[in-house]
Amino acid sequence: MTTTPEPIVAPPTAGVRVSEPAGTVRLDLSALGVDHRAADFPARFIEFCEQNNLYEMEVNAAGDLLILPMTGFRGNQEENFVNYFVTGWRLSNGGASSSQTSRFRLPSGELRGPDAAWITQERLDALTEDEWNRVVEGAPDFVVEIRSRTDDLLPLQNKMDLWLAGGARLGWLIDSANRRVYIYRLGQPEPEVLEDPETLSGEDVMLGFSFPVRQYIFDLR
């Protein structure tokens with residue numbers, strides 16, 4: 001997965017729902033002879049990421065390697081706070097939490113990374129050695145995306161749809177700029193919209209989990 005030509009930012013194909021923020025660099029892997037649906041691709045992808053760890057990368061359904069823009073210091077702090085609370089909950093309740101450096105392989109062939117996520121203990125126990133060391137198959141049971149300064153809202157909404165289509169049961173899209181949260185639930189056609197909520201609940205997916213979104217996201221600094 002190495003190449004010498006400079007990556008080209010290609011416009012999205014007509015009719016395709018874009019799930020990447022503005023400023024994302026796209027590199028067509030098929031043009032390099034790389035099949036992103038191959039069984040060994042996740043291992044090769046993780047190795048490539050480890051060799052280029054200054055960049056955050058994903059792969060979309062079309063097989064484009066995506067080099068994502070940095071979120072900046074505030075975005076990193078927001079992600080850290082959410083992950084702190086999710087990790088604290090799972091230490092008492094089981095399962096496994098993961099941050100933006102983890103990748104999940106969706107049925108569409110996409111390799112995506114959430115800002116925060118959690119999988120059940122049952123899924124954790126069933127992970128293969130390859131999944132444990134590289135990429136987990138299927139979406140997390142719970143997933144969080146936070147809108148950063150580089151993000152347009154629509155691509156993030158489309159990404160949340162990808163998570164739900166991939167098997168996620170509960171998702172939060174936190175729009176810090178507008179003090180708004182979109183709650184995505186499996187089997188629910190449209191997300192619930194919360195205006196300036198004080199806390200968010202893990203509902204029946206993460207029983208007893210609560211995140212003070214106003215304190216740690218909306219009112220951050």
Salt-bridge contact D196-R180 (side-chain N to carboxylate O under 4.0 Å): no
Is a side-chain donor or acceptor of R37 paired with a backbone partner of S108 at a separation under 3.5 angstrom? yes
Considering only heavy atoms from C-beta outward, does the side chain of D141 approach that of L170 to under 4.5 Å? no
Find out whether L153 and Y182 are in side-chain contact, i.e. whether some heavy atom of one side chain is under 4.5 Å from a heavy atom of the other. yes
How would you list, by chain and number, every residue that makes a ring-ring contact (aromatic ring centres under 6.0 Å, His included) with F218, sequence neighbours excluded? none
Ring pair (Phe, Tyr, Trp, His ring centres under 6.0 Å) partner of F142, chosen from W172, F104, Y184: W172
Is there a donor in the side chain of N83 and an acceptor in the side chain of E79, or the other way round, less than 3.5 Å apart? no
Taking atom types as modelled and ignoring hydrogens, do the side chains of D161 and Q157 form a donor-acceptor contact shorter than 3.5 angstrom? no
Residues two or more places apart in sequence or in another chain: which of them pass salt bridge (charged side-chain N to carboxylate O under 4.0 Å, His left out) with D219? R179
Tell me, do N158 and L162 make a side-chain contact under 4.5 Å, heavy atoms counted? no
Whether F41 and H36 hold their rings parallel, tilted or perpendicular, with breakpoints at 30° and 60°: perpendicular
Audit row: S201, S210, side chain to side chain donor-acceptor pair (under 3.5 Å) steps and yes/no: CA-CA 5 Å; S201 168; S210 179; over 6 Å; no
So, applying salt bridge (Lys or Arg N to Asp or Glu O under 4.0 Å) with E58, which one of K159, R26, R105 is it? K159
State whether the side chain of W89 and the backbone N or O of G94 hold a donor-acceptor pair below 3.5 Å, judged by distance alone. no
Is the closest side-chain heavy-atom distance between R214 and T199 below 4.5 Å? no
Is the shortest side-chain N to carboxylate O distance from R134 to E47 below 4.0 Å? no
Could you report the tightest heavy-atom contact between L207 and D204, atom names first, then the distance? CD2-CA, 3.7 Å
Side chain of D152, backbone of L154: donor and acceptor closer than 3.5 Å? no
The single option from F85, W118, F81 passing ring pair (Phe, Tyr, Trp, His ring centres under 6.0 Å) against F211: F85
same_hphob_cluster(F209, L124) at 4.5 Å side-chain heavy-atom cutoff: no
Looking only at side chains, do D28 and S30 share a donor and an acceptor under 3.5 Å apart? yes
